[in-house]
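Working notes, structure below.
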Amino acid sequence: MSVLVIGGGPIGLAAAIEARLAGFSVTVVEPRYLEPGGIDKACGEGLMPGALPLLERLGVHPEGMPLRGVSYRSASRHVDHLFENGDGLGVRRTTLQTALAERAAELGVVTMPGRAHRIEQDDSGVSVTLAAPSGITPDVLRADWVLGCDGLHSVVRREIGLNTAINRTSRARRRFGFRQHFAVAPWSELIEVHWTPSVEAYVTPVSPTVTGIALLGPPGTDFLAEIAKVPELAIRLLGAAPASALRGAGPFHTRARKPSEGRVLLVGDASGYVDAITGEGLRLGFEQARVAVANVTAGTPRGYDSDWRRVTRDFRALTNGLVSVANGPLRSAIVPLAQRLPRVYGSVVERLAR
Ligand SMILES: Cc1cc2nc3c(=O)[nH]c(=O)nc-3n(C[C@H](O)[C@H](O)[C@H](O)COP(=O)(O)OP(=O)(O)OC[C@H]3O[C@@H](n4cnc5c(N)ncnc54)[C@H](O)[C@@H]3O)c2cc1C
């Protein structure tokens, strides 16, 4: 039996490894596959503690910096919570991609350059037509199963008719993510989240000499101008050389009517996403990859829909709640409240850490 994975980002590669370990013959198609140094993308690059066992069971061990907890900060105060059951890991996106790609190759996953364009399925399998065939890759690929792992703006989701409109309120509150690295030694082992009136600035150590900064906020956010408004960050980054290009992604909020249709299962951001505010996209995607392949193996693709809802339930509830508060009049009260209610803050962080 064959599985075709569309999209070779971290979740596509994790899904490919899962499928290979389950005994399928696996092909990944990814337009940026030949990019030197590994595919880069805007990401806060924090692997929550719960993501690490999921990577370990795939045999993937990326190098990174330990993350011991989360610190919410505003101009005048901060509140810290240390993870109670083990550390997370700050991992440069290209390092994670390379570790996953090497493991996939070691297991015999075939990766091809190409961009999925049209998808048609019948009772016995799925045909995927590629846009602008490269000459290296056939024009049409056929497989028993397809895992759509092509990110927020998924072509697979659109092609199988699962795109759904986002309501007007969500559209008005569209949020984007931006990130850049700086040649500065990390100054904390906590993920710092600086709450300003307009953005959240995430600080993640990714190597002994490089620190990543990710901003979440409205479209058109001016990255450097926002950092300059956070005195703690402005001082730390004073004179520091950029260590990567500025990248952006979004809008975050995307939805699928359901996560599968017939022999095509959506996994990772392609299956619907709320926001990066809880720093959970990777853990969640690895978990989705695990249950997607388990259902394909068992021949119960519809079982994926209920498993997907189960593994994403906490994320959806917590993230929707936090985004509503972040977009509303209580925004400036988040850090003071977290400081006044450390046990509530701690239990929220522990939920993210799982
Ligand atoms: C600013 C920011 C900060 C974040 N911080 C964190 C964090 O700290 N921790 C965390 O866990 N998560 C974080 N996230 C979320 C996390 O980055 C995503 O959840 C994760 O990248 C999802 O991976 P994916 O493989 O599903 O999608 P992607 O990483 O988007 O990969 C999709 C892949 O599909 C390919 N593709 C696209 N179209 C096609 C096509 N038609 N055919 C074939 N291939 C295609 C793309 O080239 C790409 O390689 C953050 C996100 C942002 C934007």
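Because only heavy atoms are used, hydrogens play no part in the values below, and waters and symmetry mates are left out as well, while side chains stay in. Just so you know, ligand 1 is whichever comes first in the structure, and atom 1 is the first atom listed for that ligand.
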### Task
Could you say whether the N/O atoms of Gly279 and ligand 1 ever approach to under 3.5 Å?
yes

### Query
Considering distance alone, does some N or O of Gly44 sit under 3.5 Å from an N or O of ligand 1?
yes

### Query
Just heavy atoms, cut-off under 4.0 Å: does Ala276 contact ligand 1 by side chain, backbone, both, or neither?
side chain

### Query
Backbone or side chain, does any N or O of Ile39 fall under 3.5 Å from an N or O of ligand 1?
no

### Message
I'd like the name of whichever of Leu284, Asp269, Leu216 reaches closest to atom 26 (O) of ligand 1 through any heavy atom.
### Response
Asp269

### Message
I'd like the name of whichever of Glu30, Lys41, Arg32 reaches closest to atom 46 (C) of ligand 1 through any heavy atom.
### Response
Glu30

### Message
Checking contacts here: is it the side chain or the backbone of Cys43 that comes within 4.0 Å of ligand 1, counting heavy atoms only? Could be both or neither.
### Response
both

### Query
Any N/O of Ala116 closer than 3.5 Å to an N/O of ligand 1?
yes

### Message
As a check for students: among Asp275, Leu96, Ile11, Leu47, identify the option with a heavy atom nearest to atom 24 (P) of ligand 1.
### Response
Ile11

### Option set Asp150, Leu282, Ile277, criterion heavy-atom distance to atom 36 (N) of ligand 1, minimum
Asp150

### Message
Parallel, tilted or perpendicular: which one describes the rings of Tyr345 and Tyr72, with boundaries at 30° and 60°?
### Response
tilted

### Query
Near Phe178, which atoms of ligand 1 are under 4.0 Å from a heavy atom of that residue?
1 (C)

### Task
Select one of side chain, backbone, both or neither to describe which atoms of Val29 lie under 4.0 Å from any atom of ligand 1, heavy atoms only.
backbone

### Region of Cys149 engaging ligand 1 - heavy atom pairs below 4.0 Å
backbone

### Message
Applying a heavy-atom cut-off of 4.0 Å, say which part of Arg93 lies close to ligand 1: side chain, backbone, both or neither.
### Response
side chain

### Query
So which bit of Glu45 gets within less than 4.0 Å of ligand 1, heavy atoms only: side chain, backbone, both or neither?
backbone

## Note on the structure
The option among Leu266, Ile6, Val28, Leu100 carrying the non-hydrogen atom nearest to atom 43 (C) of ligand 1 is Ile6

### Query
Hey, is Arg115 touching ligand 1 through its side chain, its backbone, both or neither, going by heavy atoms under 4.0 Å?
both

